[in-house]
Every structure is written in structure tokens, then in C-alpha cells.
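Data block below; observations after.
Naming: A, B, ... by sequence-line order, numbering from 1 per chain. Values below: every heavy atom of this structure, side chains too, minus hydrogens, waters and symmetry copies.
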2 protein chains.
Amino acid sequence: MATKTAPVAQALPLNQIMSGDCIDVMNSLPAGSVDLIFADPPYNLQLKGELHRPDNSLVDAVNDHWDQFSSFAAYDHFTRQWLAAAKRLLKPNGAIWVIGSYHNIFRLGAVLQDQGFWLLNDVVWRKSNPMPNFKGKRLTNAHETLIWASRDEASKYTFNYEALKALNDGIQMRSDWVLPICTGHERLKDENGDKAHPTQKPESLLHRIMVATTNPGDVVLDPFFGTGTTGAVAKMLGRDFIGIEREEAYRKAAQTRIDRVRRFDASALEITGSKRAEPRVPFGQVVERGMLRPGEELFSLGNRHKAKVRADGTLIGNDVKGSIHQVGAALEGAPSCNGWTYWHFKRDGKMVPIDILRQQIRAEMEADTRPTH
Amino acid sequence: MATKTAPVAQALPLNQIMSGDCIDVMNSLPAGSVDLIFADPPYNLQLKGELHRPDNSLVDAVNDHWDQFSSFAAYDHFTRQWLAAAKRLLKPNGAIWVIGSYHNIFRLGAVLQDQGFWLLNDVVWRKSNPMPNFKGKRLTNAHETLIWASRDEASKYTFNYEALKALNDGIQMRSDWVLPICTGHERLKDENGDKAHPTQKPESLLHRIMVATTNPGDVVLDPFFGTGTTGAVAKMLGRDFIGIEREEAYRKAAQTRIDRVRRFDASALEITGSKRAEPRVPFGQVVERGMLRPGEELFSLGNRHKAKVRADGTLIGNDVKGSIHQVGAALEGAPSCNGWTYWHFKRDGKMVPIDILRQQIRAEMEADTRPTH
DNA sequence: CCTGTGCGTGAATCCATCG
DNA sequence: CCGATGGATTCACGCACAG
């Protein structure tokens, strides 16, 4: 006899390409289950007629049927629908990247804001080899715009600051990224040798996005999967992906492509970590362990200020009592102070920052927690 | 006897700074009388608390009353009002530039499209010297976005293609412009020596805009005149300006400034295009572009040392992690090391220095990027 | 005169955790 | 949810001043 089955928590279709309309598919997946969404939606290009190069060759424009919208209102409606579905899928600390050109990016950005996403940066992908403007009537359209936004204002989004700084030779990464467009062997071809997808994104772009805003094992969803750049890079970098794509031909091309990708080994996926992630060491431990003795004097650089260590791990200096940070801040008249780097002690006549004592303690902690197989 | 005077075509207040709310003032001017509008509206920054640099100094934030809006809806309403007034003022072939950041530019762009302006390009002003992100929580906000739009789709807008090409060393001008922010002697100071306006735009930016999209004798209106960069550059370049500014202090500063400007004295604008040395290429780009893969091994000459590439462009070799230079130096016990010439990879059984990969990237960059000022 | 050093500062949605 | 506390965090320039 027929039984009603209770709704089961649906398992995530990891590392699969789902077929169908992205709004329907997203709405069928469990809420709050995705770490990052990368979306390259239709651009609403509004191209009139055909475009020819100066030599009369035809420019292969984006005029596929999926890129046709009758009006801004229709485009906005579509945008609100899929962004609402996307937001539902995100974990509380999840984030989204969208990419577009001036034809659609302003509408995307406004809807993101309207729906409570919290914009973190707009990023300019500066193309190192863009198509020139053949008619000389406008500037060379040499960039596309990405928007990075967290699910909401309170989200503790992932940002691997140190890794990105390392990628940029030790200088803080900027909001303008110079990367070449997707050409050559990376560009997928169909059986006729034509490009398989009109707007295939370069893997370098997705590489930077995923290194910046995901960790290994995160789930990355792409609702406009196309030929699967997001899936290919996710696999390389040890992230799980979920792809959604309507067109059979794109799904097939993407699957073949991803099957060929090799995942990098785990040690290569480790990235430069941040100090914030290091375990907290109370200054009191330094005193308890006898690395500094109560009554011992600490000095700021240049001997401008000094303070005395007390048995409970606080300092007293110039009538100010409190933590190493509080006393440092008070003596400097500064809003805050990192006591670990501010205070020094004398060893063999030299001034040594107390931070090296913290490093010793951390090293010991590390040794204790190491698996002893 | 009393006679009713027929309404007279109101004379344009050329080369004057009008006082008052820009919407009211624009509505009082005759329709279809302006060639170009440049608008730098409030950004609606939504700043919360104070921000300190790592050295504890306080960042002088934009918290002026004119930048406060209660909601996106309020900002949108304001935007629709002033853009409608602006559109009415434009000649049929007129055009508009607006500038903004990610806080407001998406709303500006969407309203422009909704009101029938025809977007021609979005232009990225890449700041050569932006303020860093002090807390390391986001990317350096290193650009602002401009939108260039004609009054409507049918407008035969002005675009001095050849002049811009000349400005760019004979290469078609791209949609990303590298220009420094306004500092030094160009930055207006008040009687206390503080900056007269929190967001003064560089003259180089207005210079390029006017050379690109106006002709001598054109009328350029700026509804958010501030300290009058638009007026100063218009005067230099032989264009007429109309400024609108609410704040008395800004009007006074602008008038003094413009009075001092000499027409055709373009010498102040010739920015010494610092002959950049060869462009810096972060090793991370070699990895992102897939020229070397995470996990791949690099070797020193003679195979004395080896190291593994990581996804963020750092190396790990013999427990040492860091940049190609740091790891090379550590393994050699040397104070420094040029990683580009030190490390090699295997190709066809031969050892090839990674510097050839940098040369490839430079060659690509060279092909498309000329100093853009 | 030149060179080097140190300081100031710019449209900024800029912390995480614990009690 | 709020308040207190630990403690992490910056790049490019212009300019003044020292030597």
C-alpha cells in the first residue's frame, strides 16, 4: 500500500553537474549548505545586428537564446529569483561572487544590496588581451567587474589574506586583477573546432577566487556552470563543487573536462596562514613557567617606558596597572597596543621582545599535540 | 500700461558657481542646453566606527552630513531626482559621466539605465596610490568606477578617438585608467591647513574625460561641484562650465581656485609619466596561470636543493616555507637570493630557470599596457 | 646642491572571542 | 545581545628636514 514518505534531508550532490533551470535546482537543495557561490549569469548584451571587424570578418558575438531578455524589468526579475535561491543555499558565513559587464553588473549589484547581501569588494578583472573596439566609437572594453559579497552583514566570511598577499609577492592584494582572457589550449573547442562556450572564464580567475575565499573541503556552487571552469578549478584545489547547467552540450563538455583534471596533492594546497589563527597564549603563562620573574622589568624600544612584571601576569608602570596591552597603550596614549611586540626584556645586555617567549610556548604546545604514532 | 512679457529663453550662467540644491538649480535652467555633465554624487559610505592605522593614527573619514542617507531607498530616490533633472538639461547628443565606489555605483548605473540613458562604457580609475586595507580583512580598495552614458540610445555623442589614442602612445585607449589620487600641491587646503574637501578628484581624471568627450566651447555642468576640479579643468581646456554647490565653504574655495587658473595652461597637467622599470611580476601569477602547478618541484642548479610549489605562490622545501626568494636564501644559508634565477623546473628533461616564465608574462603585459598617463 | 630619512595621509562599509 | 579584552594590521607619495 502507498505510504507517504517523510521529507528526508537531501544529501548534497557533490562534484556533480545537475541538469535543469538553476532556480528550480537551487530551490530543491537543502538550505544553508554551501560555502561559496560563483555565478556568471547571462549578460543581457542587447547587441543590435552583427558586428564586423575592419577586414569585414564577422565577430562571433554572444547572442545565444539564453542571453536574450526583453527588458530590464525581465532581467531584474530573473536576477531577483536566482539570487534569492542562492542566498537560501548559503551557510550563514557563506559568500558569493558574481561577474558581469556594464550591461548587467549594475543591476546585479543593486539586487544584491536590496536582498541584504553585504558587499565586500568590487573587483576589476583587467584583461591583458582584450578584443579592441573595432569601430573606434568607444573605449576598448578591457575589463569585467566582479562583486564579492557575504550572505549578510554579520557573516564571518572567509578571506585568506596572507595567502593572497603571498600570491602578490608580499604586497596586499588590490581590487584590480590583471589576468589574461581564456585562449589557447585552455579554451574548450567543440567537435567543429569552434569555441564550445562563448564566455568561458580563465582558470586563473577562479584559482584566485577560491584561494582567496574558500578553504579545502568547502562546497562551491556554480548555478551557471557552462563548460565547468568552476568545477575544474575546485577539483584541482581540493574543494567540492556543485554545478547547474541547462544546456546538454555544455554539461557534456564540462564533464569531460573535469574528468581529466588532477587534484593537486594536499601539501601543495596548504597556504600561508595568518597569525590570528595561532593559539592564544596568556602572558600569565610566561610568568607561571618562570620565563619571566615577578619584579622583573620590561622596556619599550628606546627605553622610553618601563614596567614591572607582577605575579599574576599583569604589569605596573608609572602608576598604571593592567595587562601588557593595556599598560603599553596607556603609556603611549594610544587607542591600542600589542604588548607582545611592544615590551622587551634584557638578556645578555640585549633587548629582546617578549614575543619570543610566546613563540617558545607555542612550539611546546605544538610538540605536545603532535600525533605520536 | 502693464504688459505680460513672454517667457524669455533664460541665459545660461556660464562659468559661474551657482548656490543651492542641485535638483532645484538644474530644474531652473533651460532644457537641452548642456553638452556634458560630470557628476560626483555622495557615495553613501555607511561608515560605522573609527578606523586606526597599524601605527595607531586615526583615519580621517568621510562622515560629512551630505554623505548620510537613511536607506538605499532614500538614496535611490535622490538619485532618480537629480538624474532626471540632469537628463532634461542635456542636449540631444549630450552625455554624462558619473563616478562612484561599490557603495553607490550599482545604484547609479541601474537608475541611468532605467531612465533611458545609454551606457557607453564603464571606466575603472585604477589608483596608483590607494589607501591600503589596514585590518587585512578585504582587498585593497584600489579603484573607483565611472560610467559614461549618452542621453539616449540615438545620441550622436562626442568621442575624440584619435586624441585619446594619442594620449595613450598610439594605442587605443582602454576602459581602465591608471591615475594617482589627488595629493600634494594640487590638493586644496583650508585656512587651518586641513584638506578643504574630503574627496577632491584629480585634475588628470577630468582632463582625460573632457579631452575624450567634449570639444572646445562645449558647456560642461557639474551638479556636485565641490572645490571645482571640473571648473578648473574646463577653464584650462577652453570649455565653459556651470557649477552647482550647496556648501558656501566649497564654493569660495572653488572660486579662488578657478580664478587662478589660466586658460590653455596645460603644463600643470603634464604628469611626468614616470618611466616605470620593468613591471613587477609576482611569482603567484605563474601559478595562477597554470605555467607551474601546485605540487610541482623546483630545483636549484646542480640539484643541490629542491622545493615544492604551493597554491598561493609560496614554496616549501626542507621544512622552510616562503617566497621563492626566501626559501632559496634559507636553503643556501645566504642573506638573500633571487628566486627567479635560482629556481629551475624540468621541461623535456632539461632544467629551465623559472625566469623565462616571468619573461613570458611580461611580454603579454607589454603588448597591451602602456603607461596610461 | 644632492641624498637619505622620517613623517603624514588618502571616498574605508576594516576584529574575534569570551563571559 | 552587550561589554570588555586580547592583540593583529599598511602602501605609495609628497614634503620637511638633516647631513
Quiz item: So what does A:Cys337 hit on the nucleic acid, given a heavy-atom distance under 4.0 Å: a base, only sugar-phosphate, or nothing?
Solution: base

Quiz item: Quick one: which of C:dA11, D:dA8, D:dT10 gets closest to the side chain of B:Pro132?
Solution: D:dT10

Exercise. Have a look at A:Glu153 and say if it touches a base, only the backbone sugar-phosphate, or nothing, with a 4.0 Å heavy-atom cut-off.
Key: nothing

Practice problem: For the side chain of B:Asp60, starting at C-beta, report the closest nucleotide among D:dC11, C:dC14, C:dG10. | Solution: C:dG10

Quiz item: Where the side chain of B:Val59 is defined as all heavy atoms beyond and including C-beta, which of C:dA12, D:dG7, D:dT10 is the nearest nucleotide?
Solution: C:dA12

Quiz item: Any donor-acceptor pair under 3.5 Å joining the side chain of B:Arg53 to the base of C:dG10?
Solution: yes

Self-check item: B:Arg138-A:Ser175 side chain donor-acceptor pair, cut-off 3.5 Å
Solution: no

Exercise. Apply the ring pair (Phe, Tyr, Trp, His ring centres under 6.0 Å) test between B:Phe224 and each candidate in B:Phe38, B:Trp97, B:Trp82, B:Tyr43; give the one that qualifies.
Key: B:Trp82

Quiz item: Where does C:dT13 land, syn or anti, given syn is within 90° of 0?
Solution: syn

Practice problem: Measure from the side-chain heavy atoms of B:Asn133 and tell me the nearest of C:dT13, C:dC14, D:dA12. | Solution: C:dC14

Exercise. Rounded to the nearest angstrom, tell me the gap between atom NZ in A:Lys165 and atom P in D:dT9.
Key: 8 Å

Quiz item: Within this structure, what is the OH-to-C1' distance between A:Tyr342 and D:dT9, rounded to whole angstrom?
Solution: 18 Å

Quiz item: Taking for each residue the nucleotide of DNA chain C with the nearest heavy atom, is it B:Tyr102 or B:Asp55 whose nucleotide lies nearer the 5' end?
Solution: B:Asp55

Practice problem: Find which nucleotide of DNA chain C each of B:Pro130 and B:Lys137 is nearest to by heavy atoms, and output the residue with the more 5' nucleotide. | Solution: B:Pro130

Practice problem: Considering just the side-chain nitrogens and oxygens of B:Asn141, establish if one lies under 4.0 Å of OP1 or OP2 belonging to C:dT13. | Solution: yes

Self-check item: Nearest-angstrom distance, P atom, C:dC14 to D:dG7
Solution: 23 Å

Quiz item: Looking at A:Trp177, A:Phe159, A:Trp118, which hits ring pair (Phe, Tyr, Trp, His ring centres under 6.0 Å) with A:Trp148?
Solution: A:Phe159

Quiz prompt | Any donor-acceptor pair under 3.5 Å from B:Gln326 side chain to B:Thr314 backbone | solution = no

Quiz prompt | Short side-chain donor-acceptor distance under 3.5 Å, B:Asp312 and A:Thr272 | solution = yes

Exercise. Can you tell me, in whole Å, how much space there is between the C1' of C:dT9 and that of D:dT10?
Key: 12 Å

Quiz item: Nearest to the side chain of B:Leu51 - C:dC14, D:dT9, C:dA11?
Solution: C:dC14

Practice problem: Identify, between B:Gly184 and A:Gln326, the residue whose nearest nucleotide on DNA chain D lies closer to the 5' end. | Solution: A:Gln326

Quiz item: Quantified in whole Å, what is the C1' atom distance between nucleotide C:dA11 and nucleotide D:dC15?
Solution: 23 Å

Quiz prompt | Closest to the A:His325 side chain, choosing from D:dG7, C:dC15, C:dT13 | solution = D:dG7

Exercise. For D:dA16 and C:dC1, measure between their P atoms and round to the nearest Å.
Key: 16 Å

Practice problem: Nearest whole angstrom, please: distance from the C1' of C:dT13 to the CZ of B:Phe72. | Solution: 9 Å

Self-check item: Separation of D:dG7 C1' from B:Asn56 CG (nearest whole Å)
Solution: 11 Å

Quiz prompt | Beyond-backbone contact of A:Arg289 with A:Glu364, side-chain heavy atoms, under 4.5 angstrom | solution = yes

Self-check item: Nearest-neighbour nucleotide for the A:Gln172 side chain, C:dA11, D:dA8, D:dT10 considered
Solution: D:dT10

Self-check item: Whether B:Phe134 stacks on the six-membered ring of C:dC14 base, 5.5 Å and 30° limits
Solution: no

Practice problem: Figure out the CE/C1' separation between B:Met131 and D:dA12, and round it to whole Å. | Solution: 13 Å

Quiz item: Which residue, A:Ser336 or A:Arg174, contacts DNA chain D at a nucleotide closer to its 5' end, judged by nearest heavy atom?
Solution: A:Ser336

